[in-house]
Amino acid sequence: MDVTLDRIGEFRGVWCGLWFLRPVTGGLRWTVAPTDTRPATPGERLHAETARRNARSRGTLL
């Protein structure tokens with residue numbers, strides 16, 4: 001969870017001390033400092049998984 005953007009992302013890797021996150025429904029990745037993240041709550045994870053499944057059913061998941 002990126003607390004600066006209030007956005008859930010999937011961890012994709014590290015570069016120069018920054019973390020790469022990607023939206024769970026696809027799209028462009030962004031970078032965030034590890035100190036600006038926190039684990040997603042169970043409710044946030046459920047919401048993200050529902051969004052992913054909906055995007056997949058619409059054919060918009062990248």
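Partners of Arg53 under the side-chain hydrogen bond (donor to acceptor under 3.5 Å, both in side chains) rule, at least two apart in sequence or in another chain, are Glu49. Partners of Trp19 under the ring-ring contact (aromatic ring centres under 6.0 Å, His included) rule, at least two apart in sequence or in another chain, are Phe11. Partners of Arg12 according to the salt bridge (charged side-chain N to carboxylate O under 4.0 Å, His left out) rule, which considers only residues two or more places apart in sequence or in another chain, do not exist here. Listed by chain and residue number, Asp2 satisfy the side-chain hydrogen bond (donor to acceptor under 3.5 Å, both in side chains) test with Thr4 (two or more places apart in sequence, or in another chain).
Other members of the cluster containing Phe20 are Trp15, with ILVMFWY side chains joined at under 4.5 Å, either directly or via other members.
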Would you mind writing out the side-chain donor-acceptor pairs for residues 32-42 within the sub-3.5 Å range, not counting sequence neighbours?
from: Thr37; atom 1: OG1; to: Pro34; atom 2: O; distance (Å): 2.7
from: Arg38; atom 1: NH1; to: Glu44; atom 2: OE1; distance (Å): 3.1
from: Arg38; atom 1: NH2; to: Glu44; atom 2: OE2; distance (Å): 2.8
from: Thr41; atom 1: OG1; to: Glu44; atom 2: N; distance (Å): 3.1
from: Thr41; atom 1: OG1; to: Glu44; atom 2: OE1; distance (Å): 3.3

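Residues Leu46 and Ile8 are members of separate hydrophobic clusters, defined by side-chain heavy-atom contacts under 4.5 angstrom among Ile, Leu, Val, Met, Phe, Trp and Tyr.
Few gaps surround CZ on Arg45; more than 12 heavy atoms of other groups in view lie less than 6.0 Å from it.
Proximity of Arg22 to Leu28: side-chain heavy atoms (C-beta onward) are nowhere separated by under 4.5 Å.
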